[in-house]
Amino acid sequence: MCHCFHLFCYIKRQARTQKTPLQQLVFSSPQFEEEEASHLSFHSNMACHLRSMSVPSSPCSNQTNVEEQLRSLKATVSSPSTTIGTMVDGLSKLSSIYSCINELSHQRQQRKAVEEELDRSLVLIDLCNAMQESFMELKACVQEMQLLLKRGDNVAVQAKVLSYTRSAKKAQKQIKRVSSKSASDNEGCRVIKLLAEAREIAVSMLETTVHLLSKQIAMPSSSKWSLISKAFQKKRVVCEEEQLQELELDIVDLESGVEALFRRLIQSRVSLLNTLSL
């Protein structure tokens with residue numbers, strides 16, 4: 001029992017210092033080499049327990065659980081205090097929810113409802129693909145801004161800010177064009193209704209995400225730059241470089257989140273197609 005307690009404490013220390021998933025920790029300490037083999041089962045179970053405390057699992061046992069997850073996600077991403085970080089976490093959660101819905105769809109569905117859902121799913125798949133391209137454009141703008149700031153080329157920076165803003169507005173227009181096409185009035189199959197609600201949340205999340213990105217950058221005009229002392233300007237540039245680096249990392253996370261959602265949508269579409277052959 002004492003060995004188990006020491007092993008548990010060691011796992012927690014490693015998790016805090018290395019910031020890696022518990023199941024990926026490599027025990028190199030000699031005092032644990034022998035205990036690792038005898039307590040492998042305990043290690044696995046405890047790792048899963050600790051991981052579940054920090055990241056709640058997404059049960060897929062029945063429709064009610066999925067509905068609760070969808071309601072919770074919708075409330076979270078609709079909050080006035082929503083941030084880009086919230087959206088990144090939300091995209092991950094939505095991907096998990098789609099996985100749960102896929103598990104519920106392995107049974108015969110109404111053919112007409114399935115065919116309509118297949119058409120609407122393509123709209124969201126295309127939108128995710130378009131958003132990935134938009135995020136790449138925004139990320140490129142941010143990277144170029146960082147280089148221009150280091151060079152002190154304020155005029156070029158402002159031009160790049162305008163380019164960033166145009167890219168964000170273009171993405172917003174793309175979302176608005178498809179939002180009506182992705183809507184569903186189907187009141188039939190339970191699984192289809194879950195997919196319709198998930199799709200509605202996905203479109204809303206992407207719209208909010210682009211809106212948040214469009215508000216991340218605001219640079220002073222040329223005249224205002226000329227009124228700022230050189231010393232203060234230098235500090236401001238350093239601050240803005242750090243902010244741009246953070247924004248770039250946020251966009252990278254969003255790219256990964258949308259890519260994961262894209263893959264889940266493809267899997268969902270395959271599951272639906274399989275139901276037609278049941």
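Only a predicted model underlies this, so the values are computations on that prediction, with no experimental measurement involved.
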If we ignore hydrogens and angles and just use 3.5 Å, is the side chain of Ser72 paired with the main-chain N or O of Gln69 as donor and acceptor? no
Just by modelled atom types, is the Val88 backbone N or O under 3.5 Å from a matching donor or acceptor in the Ser92 side chain? no
Check whether any side-chain N or O of Ser95 sits under 3.5 Å from a backbone N or O of Leu91 as a donor-acceptor pair, and report yes or no. yes
Interatomic spacing from NZ in Lys169 to NE2 in His211 - rounded to 0.5 Å: 12.5 Å
How far apart are the C-alpha atoms of Val203 and Ile175, what are their side-chain angles, what is the distance that settles it, and do they pass the side-chain contact (heavy atoms from CB on, under 4.5 Å) test? CA-CA 7 Å; Val203 173; Ile175 296 174; 4.1 Å; yes
Going through the distances and angles, do Thr83 and Leu212 end up as a side-chain contact (heavy atoms from CB on, under 4.5 Å)? CA-CA 7 Å; Thr83 64; Leu212 290 171; 5.5 Å; no
Carboxylate-amine/guanidinium proximity below 4.0 Å for Glu255 and Lys139: yes
Contacts under 3.5 angstrom, residues 258-268 side chains, donor-acceptor by atom type, not counting sequence neighbours:
{"residue": "Glu259", "atom": "OE2", "partner": "Arg263", "partner atom": "NH1", "Å": "3.4"}
{"residue": "Arg264", "atom": "NH1", "partner": "Gln267", "partner atom": "OE1", "Å": "3.2"}
{"residue": "Ser268", "atom": "OG", "partner": "Asn102", "partner atom": "OD1", "Å": "3.4"}

Mind checking whether Phe135 and Val252 have side chains closer than 4.5 Å, heavy atoms only? no
Same apolar cluster: Leu162 and Leu138, side chain cutoff 4.5 Å: no
Which atom of Gln174 lies closest to which atom of Ser134, heavy atoms considered: OE1-OG, 3.4 Å
Are the charged groups of Arg269 and Glu117 less than 4.0 angstrom apart, N to O? no
Are Ile101 and Leu118 grouped together when hydrophobic residues (ILVMFWY) are joined by side-chain heavy atoms under 4.5 angstrom apart? yes
Nearest non-hydrogen partners of Val66 and Cys100, listed with the distance: CG2-CB, 3.9 Å
Find the distance between CD (Gln245) and CD (Gln243) and round it off to the nearest 0.5 Å. 10.5 Å
Please examine the side chains of Val123 and Arg199, heavy atoms only from C-beta on, and report whether any two atoms are closer than 4.5 Å. no
What distance do Lys215 atom NZ and Thr165 atom OG1 have between them, rounded to the nearest 0.5 Å? 9.5 Å
So how far is it from Leu149 CG to Lys160 NZ, rounded to the nearest 0.5 Å? 12.5 Å
Any side-chain to backbone donor/acceptor pair from Ser79 onto Thr76? Under 3.5 Å, distance only. no
Output for pair (Asp153 CG, Gln158 CD), nearest 0.5 Å, gives 10.0 Å
Sequence neighbours excluded, the answer for side chain to side chain donor-acceptor pair (under 3.5 Å) partners of Arg151 is none
Tightest non-hydrogen contact, residues Met205 and Met87, listed as O-SD, 3.6 Å
Is any side-chain heavy atom of Ile251 closer than 4.5 Å to one of Ile84? no
Worked verdict on Tyr164 versus Leu247 for side-chain contact (heavy atoms from CB on, under 4.5 Å): CA-CA 12 Å; Tyr164 178 96; Leu247 178 57; 3.8 Å; yes
Would you say Leu127 and Met131 make side-chain contact, with heavy atoms under 4.5 Å? yes
Nearest 0.5 Å, please: how far is CG in Leu272 from CG in Leu195? 5.5 Å
Should Glu240 and Met145 count as side-chain neighbours, where that means a heavy-atom distance under 4.5 Å? no
Could you check Ile201 against Leu70 for side-chain contact (heavy atoms from CB on, under 4.5 Å), going step by step and ending with a plain yes or no? CA-CA 8 Å; Ile201 293 174; Leu70 286 170; 3.8 Å; yes
Beyond-backbone contact of Arg71 with Glu68, side-chain heavy atoms, under 4.5 angstrom: yes
Please answer whether the main-chain N or O of Ala75 pairs with a side-chain N or O of Ser78 as donor and acceptor at a distance below 3.5 Å. no
Does Glu115 pair with Arg111 as a salt bridge, N-O distance under 4.0 Å? yes
Please check if Leu194 and Leu276 belong to a single hydrophobic cluster, counting links between Ile, Leu, Val, Met, Phe, Trp and Tyr side chain heavy atoms closer than 4.5 Å. yes
State whether a side-chain donor-acceptor pair under 3.5 Å links Glu248 with Gln143. yes
Would you say Ile125 ends up clustered with Leu273 if hydrophobic residues are merged whenever their side chains have heavy atoms under 4.5 Å apart, either directly or through other cluster members? yes
